[in-house]
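Note that the structure is a prediction, hence the values are computed from the model and not measured.
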Amino acid sequence: MVTNFTASSGMFQDAFFSRDGSDPVPLMIKAEGIWMFDERGKAYIDGSSGPIACNIGHANERVAQAMYQQAMTLDYAYPRVARHAANAALTGRLCSLAGAPFERVGLASGGSEAMDLALKFLRQYAVAKGLPGKRILISNMPSYHGASIGALAISGDESLAPFLSGFAVIGAKVPAPMTYRGEPGLSPEEISEQCVAALENAIVNLGPENVLAYVVEPVGGVATGCLVPPPVYFQRIRELCDRYGVFLVFDEILCGAGRTGKFLASHHLSGCIPDVIVMAKGIAAGYSPLGAVLLPAEPVDELAKLTGFNFSHTYGANPISCAAALAVLDEYEDHDLITNAAQAGEHLGRILRQLMNTSPIVGDVRGIGLLYAVELVQDKDSKAQFRYDFNVTEVARTEALKEGLIIYSRRTSGGKYGDWLIVAPPLTVTRADCDQIGQRLERILEGVRNRFEAGCVAAGSPKRSSLELNS
């Protein structure tokens with residue numbers, strides 16, 4: 001977010017991410033643990049870890065000290081001209097945590113940049129191997145893979161069409177296995193098989209010799225509301241990518257780094273190891289911008305011999321970011337935060353499912369670990385959504401602020417695939433904290449229902465052509 005602060009007036013003038021008439025976001029002046037505090041002293045539970053990034057909570061002294069010590073020792077080194085110890089230590093640690101076959105790591109300055117890095121690597125590798133026709137990228141509709149032009153072009157959001165048309169090379173799309181809103185009467189496995197068949201048809205029709213990669217989120221984020229496809233889906237897409245020579249890329253920008261109760265979401269799967277994993281957010285936990293691309297040694301070493309990898313960014317493998325991530329990983333290990341994500345996540349899931357049973361406007365709860373979505377509906381039996389001019393995701397966000405809870409909630413794809421809020425507190429959360437979150441959510445849901453029944457329209461509801469580009 002870019003803002004201008006006028007010292008004489010003491011007022012912030014928002015330049016980005018605001019709409020006329022929309023409820024403003026609070027001005028935070030302090031944060032500690034799972035709590036944030038605004039300029040009036042009001043306390044908020046950070047129920048979404050920011051944009052599902054602040055995995056170890058706020059104001060962690062170990063991380064702050066690590067960043068300070070690194071800045072005072074070696075503040076910057078550009079990887080093409082100088083190596084540094086923090087880079088080597090972090091990449092080695094990530095390889096160890098990821099496990100075989102991921103023996104090489106490329107570092108970037110965030111998720112969007114890391115996704116671009118992964119796709120550029122695969123494209124250069126294909127060209128170096130004498131396969132220049134491999135250029136088409138396939139992803140799901142809906143999906144979200146980042147905010148750069150390239151990442152937006154492979155994201156699945158139909159509301160972006162006017163923005164991207166003639167401006168970017170848009171990737172091919174196949175249906176995501178949206179199990180809650182799939183074809184009535186079909187099981188999640190049957191819906192998944194339909195989506196796998198659509199992927200195979202796309203590869204065949206486009207020509208396997210032209211398809212470079214299939215990019216998919218193993219656990220969905222804001223675009224699909226924490227979608228957790230059944231295991232058979234991943235087994236089948238792995239088989240397809242092997243059969244047709246297509247790289248399988250897992251986008252774990254949001255769901256990786258312990259969020260699901262394992263270091264990688266892909267660690268929950270059997271029979272499906274991707275070719276590439278893209279990470280960000282939780283590996284530096286919001287303390288410094290950082291993304292990572294995990295690859296097996298063979299293609300990386302082969303490309304190094306053929307042409308080398310020719311792309312880099314100024315802040316790739318920044319020493320201070322690497323030091324921050326190493327300290328974050330120390331926190332994970334010393335406090336067993338990944339296990340806590342699994343155990344506290346089970347408790348949070350029970351709380352949210354109870355809310356689904358009691359609230360007339362909660363149609364579905366889905367997720368894993370400490371990553372859950374609550375889908376809001378006007379009618380549970382028909383799964384009917386709230387009318388469009390009642391922007392229920394914005395209403396939920398503002399009702400949550402009243403109750404001292406920060407949630408991640410925004411309408412994607414123009415609301416075509418549903419409306420949900422995401423509950424994803426830091427991995428440091430306790431069962432008692434989860435109880436508090438549940439109690440506040442109960443009041444929030446009642447507030448949303450009351451506003452709808454009173455005929456109130458959420459301030460600042462967007463038009464169907466509007467774009468929501470924030471990550």
Output the distance between atom [atom1] ([X]) and atom [atom2] ([Y]), rounded to the nearest 0.5 Å.
X: Asn55; Y: Tyr287; atom1: CG; atom2: OH; value: 10.5 Å
X: Asp38; Y: Leu401; atom1: CG; atom2: CG; value: 9.5 Å
X: Leu290; Y: Glu113; atom1: CG; atom2: CD; value: 10.0 Å
X: Leu352; Y: Ser359; atom1: CG; atom2: OG; value: 11.5 Å

Only one of Ile338, Leu427, Leu264 passes side-chain contact (heavy atoms from CB on, under 4.5 Å) with Arg259, and that residue is Leu427
Lys/Arg-Asp/Glu bridge criterion (N-O < 4.0 Å) met for [X], [Y]:
X: Glu200; Y: Arg243; value: yes
X: Asp116; Y: Arg123; value: no
X: Arg93; Y: Glu333; value: yes
X: Glu394; Y: Arg397; value: yes
X: Arg238; Y: Asp242; value: yes
X: Asp334; Y: Arg62; value: yes

Any donor and acceptor pair, going by atom type alone, linking the side chain of [X] with main-chain N or O of [Y] inside 3.5 Å?
X: Thr393; Y: Ser409; value: no
X: Ser155; Y: His145; value: yes
X: Ser321; Y: Pro289; value: yes
X: Asn340; Y: Asp336; value: no
X: Asp46; Y: Gly50; value: yes

Regarding [X] and [Y], do their side chains bring together a donor and an acceptor under 3.5 Å, going by distance alone?
X: Asp251; Y: Tyr144; result: no
X: Arg440; Y: Gln436; result: yes
X: Gln378; Y: Gln385; result: no

Honestly, is Arg411 close enough over Trp420, meaning NZ or CZ under 6.0 Å from the six-membered ring centre and within 45° of the axis?
-> no
Should the pair Phe163 and Phe167 be assigned to parallel (<30°), tilted (30 to 60°) or perpendicular (>60°) ring geometry?
-> perpendicular
Answer yes if the ring centres of Tyr44 and Phe37 are under 6.0 angstrom apart, and no otherwise.
-> no
For residues Phe250 and Phe234, establish whether the separation of their ring centroids is below 6.0 Å.
-> yes
